[in-house]
Amino acid sequence: MSQDSQILKQRRQKAEELEEWGVTLFPNDIKPPELAAAIQKVYGSYDQNALEEVQESFRVAGRIMALRRFGKAAFLHIKDYSGRIQIHVVRDHVGQDQYKIFKKFDIGDIIEVEGRLFRTKTNELTIEADRVRLVTKSFRPLPEKYHGIKDKEIRYRRRYMDLIMNEDVAETFRKRSMIIQGLRRYFTSNGFLEVETPMMHSIVGGATAKPFVTHHNALGLDLYLRIAPELYLKRLLVGGFDRVFELNRNFRNEGISIQHNPEFTMLEFYEAYATYEDLMVRTEELFAQLALDLHGDTRIRYQGDSIDLTPPWKRLTLEESLVEVGGVPREELHDRERLARRLADLDNPVKGELPLGKYWTKLFDLLVEPKLIQPTFITRYPTDVSPLARKNAEDPTVTDRFELFIAGREIANAFSELNDPRDQLARFQEQVANRGDDEEIPPEIDYDYVMALEMGMPPAAGEGIGVDRLVMLLTDSPSIRDVIFFPQLRPEKGEGRSKGKQKEKAKK
RNA sequence: GGGCCGUUAACUCAGUCGGUAGAGUAUCUGCCUUUUAAGCAGAGAGUCGCUGGUUCGAGUCCAGCACGGCCCA
């Protein structure tokens, strides 16, 4: 406290002065005010003469964002959650006493204003204050009014400042909320039941990823934060819920990047009596609808690219994509040695012999994925990299599966579900046997899941959609941190555990 | 984990060849009753990310560390 800047001291001093004058700094008797946007909407078209006819007085509340004082009068802009409106405060109109208090108000304070509407010389709709009142005293100055706040670290750590200062940031998160609503609307209106399944799993499953470990004291049990809800949602299919979806968080203990946050939002849905091909149609329909709701158009712009979400979208098999988009000679595709050499040439050497599918997906990530700007379904993933997907009826080396790519990124993953318990058990066993020291492969077989399949799971298809990436796409955001309110960052100095402890643990 | 870049006032940024720190906004004081990046005059405000090193002297050069960004793994 002792080394607080002058500016903070001044604010506190001012607050004390106000209190001495009997002003309550944090009152709690303010009734919900009218919204700036609602007033603008109704009276935005009224000219001065028309406004003079309006006898009504309006009461608004919001944060002072700009303040221009002229001695015995002032203009200010306040911002509420709907928008902004200009306020005019004149000493001879509000009276000496109120004006004296008003002069102590700062940019950043939240105030309540009541008065009639008029238009200024520059024709801006403005409230002529009859009454101004402090609602919440701000003890910290707002960032610079013109450049706002640019420092990404401050923006992510102190998102509240970012949201106050950067209207486009607030807008992105409003759109995120609309997208979430749109997803719910789509699935509930198509007969899907929204469900919640455990976030803490005693066996890792449903995806290949390193989990976070936590501990339950009373049970004396290590638990994993879920990497995917898949195996539980399919248990619900067994239980008779033919159409279910879950829209919630997954956790993966991996690197942080422009498109990865350790906790992220996933939508998974499962539909009985459908195939992965049906889901391609659903996905097209869903994304097109979301784009229409948000932009009124199925053609959108993302980071300079024009992307057309109008159905139908391109479909390629993984094999075709490697040849046609990735430029891998067709005759090389089944030659592990040559594939390994190609990967090594791309600075991605692989150690040991891998399943063929691993070479393909690695090459795909490097050579094909970044080029898939327009929405593209990639199908026929090798069975050895798709342990939960149904084998293709004609060619059992591949599965009835697709991944969706847009703007060079994976957005969704779907397949016809494997519901033969014998095949599922065999695949689990093979996975565990070949796991080696790969921490991304679940070390334990979920026998209860196999038992569920033994009860009989109806034929079904399921899909997972990366919601954060979808929001990035639809809000033209370059980083996942721009669509998550509080992205994961290292703690600041003095926050959380000591650095030394963390380092020591990391070394073990 | 590796590479590159950044970290200077509350915010946005300058800071030359190593010579004791600058601007705009914000703040404070004075003037100002139609401004909107209001204006005019004046003032105050700094752990130059941290720790060492080189040097007569370091915001500046060197090393390590921290945090962040981007790229790669």
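Chain letters run A, B, ... following the sequence lines, proteins first, then strands; residues in each count from 1.
- Within the 3.5 Å criterion, the main-chain N or O of A:Tyr381 finds a donor-acceptor partner in the side chain of A:Thr399.
- One C1' atom belongs to B:rA23, the other to B:rC70, and the distance between them is 29 Å to the nearest Å.
- Proximity of A:Ile180 to A:Ser177: side-chain heavy atoms (C-beta onward) are nowhere separated by under 4.5 Å.
- Using atom P as the reference point in both B:rG64 and B:rG3, the two lie 10 Å apart (nearest Å).
- In this structure, A:Ser479 and A:Leu366 both approach RNA chain B, and ranking their closest nucleotides by distance from the 5' end singles out A:Ser479.
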Quick one, A:Glu52 with A:Gln48, criterion side-chain hydrogen bond (donor to acceptor under 3.5 Å, both in side chains). Give me CA distance, side-chain angles, the key distance, then yes/no. CA-CA 6 Å; A:Glu52 276 169 21; A:Gln48 178 56 27; 3.0 Å; yes
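- For B:rC50 and B:rC13, the C1' atoms lie 23 Å apart once the distance is rounded to whole Å.
- Closest approach to the A:Lys121 side chain among B:rA10, B:rG68, B:rU35 is made by B:rU35 (side chain taken as heavy atoms from C-beta onward).
- When rounded to the nearest whole Å, the span between CG of A:Asn261 and C1' of B:rG69 equals 15 Å.
- A close approach under 4.0 Å does not occur between any side-chain nitrogen or oxygen of A:Arg140 and OP1 or OP2 of B:rA10.
- Nucleotide B:rG44 forms a pair with no other nucleotide shown, judged by Watson-Crick or G-U wobble geometry with both contacts under 3.5 Å.
- Distances from the side chain of A:Asp151 to the nucleotides B:rA26, B:rU12, B:rG69 place B:rU12 closest.
- Atom CZ of A:Arg63 and atom P of B:rA26 are 17 Å apart (whole Å).
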Please assess A:Gln303 against A:Asp476 for the test side-chain hydrogen bond (donor to acceptor under 3.5 Å, both in side chains), listing each intermediate value before the final yes or no. CA-CA 6 Å; A:Gln303 300 297 296; A:Asp476 197 12; 2.9 Å; yes
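- Scanning both residues, A:Arg140 and A:Ser138, for their nearest heavy atoms gives O-OG, 2.9 Å.
- Residue A:Ile107 is the one, among A:Ala73 and A:Ile107, whose nearest nucleotide of RNA chain B lies closer to the 5' end (criterion: closest heavy atom).
- Considering only the side chain of A:Glu144, B:rG24 comes nearest among B:rG24, B:rU35, B:rA45.
- Within the nucleic acid shown, A:Gly255 has no heavy atom closer than 4.0 Å to any nucleic acid atom.
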Does the side-chain hydrogen bond (donor to acceptor under 3.5 Å, both in side chains) test come out yes or no for A:Arg176 and A:Ser477, once each step is laid out? CA-CA 11 Å; A:Arg176 180 177 176 119; A:Ser477 300; over 6 Å; no
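- Set against B:rU34, B:rG69, B:rA26, the side chain of A:Arg481 has B:rG69 as its closest nucleotide.
- Closest to the side chain of A:Pro143, from the set B:rC11, B:rA26, B:rA73, is B:rC11.
- Across B:rU34, B:rU35, B:rC13, the shortest atom-to-atom separation from the side chain of A:His88 is found for B:rU34.
- For A:Tyr146, whose side chain is taken as the heavy atoms from C-beta onward, the closest listed nucleotide among B:rG69, B:rC28, B:rA37 is B:rA37.
- Using atom P as the reference point in both B:rU34 and B:rG15, the two lie 41 Å apart (nearest Å).
- The base of B:rU7 is not paired with the side chain of A:Glu153 by any donor and acceptor separated by under 3.5 Å.
- With a 3.5 Å ceiling on both atom-pair distances, the Watson-Crick or G-U wobble partner of B:rG6 is B:rC67.
- The partner of B:rA58, taking Watson-Crick or G-U wobble pairs whose two distances both stay under 3.5 Å, does not exist in any strand shown.
- Contact annotation: A:Arg490 side-chain N/O to B:rG68 OP1/OP2 distance is under 4.0 Å.
- In the set B:rC70, B:rU34, B:rC28, B:rC28 carries the atom at the smallest distance from any side-chain atom of A:Asp106.
- With centres under 5.5 Å and a plane angle under 30° as the test, the ring of A:Phe70 is not stacked against the base of B:rC32.
- Taking the C1' atom of each, B:rA66 and B:rC11 are spaced 23 Å apart, rounded to whole Å.
- Per the geometry, CD1 belonging to A:Ile164 stands 14 Å off P belonging to B:rC11, to the nearest Å.
- As the counterpart of B:rU34, no nucleotide is assigned, since no Watson-Crick or G-U wobble pattern has both distances under 3.5 Å.
- Inter-residue side-chain proximity for A:Met472 and A:Ile480 is flagged as met; some heavy-atom pair is nearer than 4.5 Å.
- Between B:rG69, B:rU34, B:rC70, one nucleotide has an atom nearer to the side chain of A:Leu489 than all others, and that is B:rG69.
- In the set B:rC28, B:rC71, B:rA26, the nucleotide with an atom closest to the side chain of A:Lys14 is B:rC28.
- Annotation: B:rU25 and B:rG39 have their P atoms spaced 7 Å apart (nearest Å).
- At the heavy-atom level, A:Arg69 lies under 4.0 Å from base atoms of the strands shown.
- For the pair A:Arg69 and A:Phe102, the cation-pi test (distance below 6.0 Å, angle within 45°) is passed.
- If you check B:rG1 for Watson-Crick or wobble pairing at under 3.5 angstrom, you find it paired to B:rC72.
- Comparing the same atom, C1', in B:rG46 and in B:rU20 gives a spacing of 13 Å after rounding to whole Å.
- Taking atom P in both B:rC62 and B:rU54, the straight-line distance is 16 Å, to the nearest Å.
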